[in-house]
Each structure stands twice: as C-alpha cells, then as structure tokens.
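First listed ligand is number 1; within each ligand, the first listed atom is number 1. Only a predicted model underlies this, so the values are computations on that prediction, with no experimental measurement involved.
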Amino acid sequence: MLPPPGPIPRHVAIIMDGNGRWASERRLPRPFGHRAGMKAVREAVEGAIDAGVEVLTLFAFSDENWNRPAPEISALMDLLEEYIAREVAELRDQGVRVHVLGDRTRLTPGGRAAVERVERETAAGEKLSLNLCISYSSRGEIARAARLLAEEVLKGTKKLEDIDEEAIRSQLYTAPWGDPDLLIRTSGEQRLSNFLLWQLAYTELYITPVLWPDFNRRTLRDAILDYQRRDRRFGKVTAS
Ligand code: IPE
Ligand code: IPE
Ligand code: MG
C-alpha cells in the first residue's frame, strides 16, 4: 500500500482497546480477543513502516489492568512472552527497535527476561522505534519524574529554579521520542485512560469504533488521512 499522500505523523500512539468485546461478540472467552489482538500489532507495525512513521507507541497493559481477574492477567503476560519469542527476529529484520515503557518490576521474571531480550536484540533497529507501554500509568510516570528531579535537587546536582517543563519532559519514559502527533483509540471509547497525559497536550486524536483485533494497516491509513486534514494550530492563529 502506498503511503498516504501528505504529511506523515512522525510519532503515532495507539490505545489498543476492545479485545474483550471482540471475543464476547463471538461468545469466546476474553483471552481469545487478546490473542487475536497480536495480529493487529503486526499490522500496526508494518503499516507504520510502510507509511514512514518513525515512532509507534502502543498501550498494551495499564497499571489499572493489574486489577483484572488473575487468569486474564496471566493470559496477557503469557501472550506478551509469546509475542516477543515469535516476533523478535522479524522485528530485528524489519529494522524495528523495541523499548518497553512502564514499571517492569511488576512483571514475572519470565516477562522481564523477555522484555530485556527484545530490547537487546532489536537495539540496532533504525527504521521504526516501537514503544510498548506495559504496566504503564501516565500519572505514575509523571510522579516518577517529579521524584527523580527531587532527588537531584536533594543531591545538589540540580537547582530548584531549573525544574521547568523541559526538566519534567526529560525524565518521562518517552523523553527520547518527543510527543505523539496522532493518538488513535480503538473500540470507540472517548477517554485517555491514564495514557500519556503530559505528552498528548497538542496531539491530534482519532477515535475509531474498530475493535483492536480488527485493526489493520487500512485502519491506520484512514487515521493518517484524517490527520492530514487537521489544522494544527498549537494555540496560534492560522495564516490565511
Ligand atoms: C484491550 O482490550 C487490551 C487491554 C486493556 C489489556 P480490553 O481487554 O480492554 O477489551 P474491552 O475493552 O474489554 O473490550
Ligand atoms: C486502556 O484500556 C488500557 C489499554 C489499552 C492497555 P482499558 O480497557 O483498560 O481502559 P478503560 O477501562 O476502558 O478506561
Ligand atoms: Mg478496554
């Protein structure tokens, strides 16, 4: 598929939602929806590469998702390990560099090892940065940034008056990649669910009723085409 003709969002973020409803519609247990969602991740990655997107940040598992029933959590964690084991070689060959953002201390030892492996084995990728947000909460991320900066002030390596927006930005997990240009949420929910609250300040939002397992590169293309019709003013007045 040809890239959409027009400006391509450099950084796309996606809240991958609707796996459970996809499974329910088929009278299947929720984990079947999560499994079907793995294919959609592949579509998103390949679609992003084809379109020329440089950074793709995916919300895979929130801090709040730890409050789901234990069997669903363990199915999701097993799928994470399976996804990495299955895709790591392909991701490396595609030039994808994977980073996992979030509190990885809460993962199982197997999950942590898988995450470290995919980061290590894709470290040379230069085509697409793929950020997987796992055990991630945006308020947690901002609180962590505040703590890291407070530590520096206590140590005397930073002055209080140097704590500005740039200082906070530099301590977020997303510091190396900048803010998303486009946020996609699947399954029609019109909320952020504690995702990238700081980073989304001027991001264009695209909400589609498509359930995550049905997401494909065409859905991504539609989102980018919609993005290309937006007038990004950043609070200024458009020259006319
Ligand atoms: C998204 O699908 C995946 C995760 C949040 C882990 P859901 O599991 O939230 O599916 P719905 O929203 O219940 O349909
Ligand atoms: C947001 O989806 C988290 C992920 C997609 C990983 P949720 O399904 O957890 O969000 P809510 O509960 O609908 O807000
Ligand atoms: Mg959901």
Side-chain angles (χ1 to χ4, degrees), residues 11-45 47-48 55-84 86-87 98-108 110-112 114-115 118 130-144 172-174 180 182-200 203 205-216 219-220 223:
H11 183 174
V12 175
I14 309 182
I15 302 177
M16 311 187 287
D17 199 13
N19 296 351
R21 277 162 281 174
W22 185 92
S24 299
E25 282 179 359
R26 289 161 181 76
R27 298 181 196 288
L28 294 168
R30 296 175 57 86
F32 281 80
H34 298 314
R35 174 167 291 280
M38 274 207 294
K39 194 172 57 60
V41 173
R42 204 170 308 136
E43 286 281 327
V45 168
V55 186
L56 181 65
T57 299
L58 302 179
F59 201 7
F61 190 84
S62 72
D63 250 354
E64 292 81 358
N65 291 150
W66 289 113
N67 299 318
R68 291 189 179 195
E72 179 166 349
I73 294 176
S74 85
L76 279 163
M77 292 300 140
D78 289 350
L79 276 177
L80 169 67
E81 287 186 46
E82 187 183 322
Y83 171 78
I84 290 173
R86 250 216 256 168
E87 302 284 322
V98 180
H99 284 93
V100 174
L101 317 186
D103 180 7
R104 63 180 72 184
T105 64
R106 295 185 77 178
L107 302 180
T108 58
R112 263 200 307 280
V115 157
V118 74
L130 173 63
N131 299 323
L132 302 177
C133 298
I134 297 171
S135 191
Y136 171 90
S137 122
S138 179
R139 287 181 174 175
E141 176 187 39
I142 294 168
R144 173 180 173 274
L172 299 176
Y173 292 125
T174 52
L182 171 65
L183 171 78
I184 300 170
R185 182 164 189 158
T186 57
S187 88
E189 303 298 352
Q190 305 193 40
R191 55 177 171 263
L192 297 178
S193 301
N194 208 356
F195 188 49
L196 303 178
L197 303 178
W198 176 283
Q199 297 88 335
L200 296 176
T203 300
L205 310 181
Y206 181 84
I207 294 171
T208 167
V210 168
L211 301 175
W212 179 250
D214 294 326
F215 183 97
N216 58 31
T219 330
L220 178 66

Any N or O of R191 closer than 3.5 Å to N or O of ligand 2: yes

Of the backbone atoms (N, CA, C, O) and the side-chain heavy atoms from C-beta on, which set of R21 has a member under 4.0 Å from an atom of ligand 2: side chain, backbone, both, or neither? neither

Return yes when atom CZ of R26 has more than 12 non-hydrogen atoms of other residues, nucleotides or ligands closer than 6.0 Å, and no otherwise. yes

Can you check whether D17 has an N/O within less than 3.5 Å of an N/O in ligand 2? yes

Per-atom filter on ligand 1: closer than 4.0 angstrom to a heavy atom of R30 are 7 (P), 8 (O), 10 (O), 13 (O)

Going by chain and residue number, what protein N/O/S atoms come nearer than 2.8 Å to the Mg ion (ligand 3)? D17 OD1

Nearest-contact summary for atom 10 (O) of ligand 1 - protein heavy atom, Å: G20 N, 2.9 Å

For ligand 2, is any non-hydrogen atom under 4.0 Å from A60's backbone (N, CA, C, O), its side chain (CB onward), both, or neither? backbone

Is G18 in contact with ligand 1, taking contact as a heavy-atom separation below 4.0 Å? yes

Report the part of H34 in contact with ligand 1, treating N, CA, C, O as backbone and CB onward as side chain, heavy atoms under 4.0 Å; options are side chain, backbone, both, neither. side chain

Provide the number and element of each atom of ligand 2 under 4.0 Å from a heavy atom of N65. 3 (C), 6 (C), 9 (O)

Just checking, is any N or O donor in the side chain of W66 or S135 under 3.5 Å from an acceptor N or O on the other one? yes

Under a 4.0 angstrom heavy-atom cut-off, which atoms of ligand 1 come close to M16? 1 (C), 3 (C)

Below 4.0 angstrom from a heavy atom of F61, which ligand 2 atoms are there? Numbered from 1 as shown, please. 6 (C)

Closer than 4.0 Å and a protein heavy atom, does any atom meet both conditions relative to atom 13 (O) of ligand 2? yes

Identify, for atom 2 (O) of ligand 1, the protein heavy atom at the shortest distance, and state residue, atom and that distance. N19 N, 3.2 Å

Just let me know how R68 lines up against ligand 1, side chain, backbone, both or neither, with a heavy-atom cut-off below 4.0 Å. side chain

Tell me the contacting part of L211 for ligand 1: side chain, backbone, both, or neither, using a 4.0 Å heavy-atom threshold, strictly below. neither

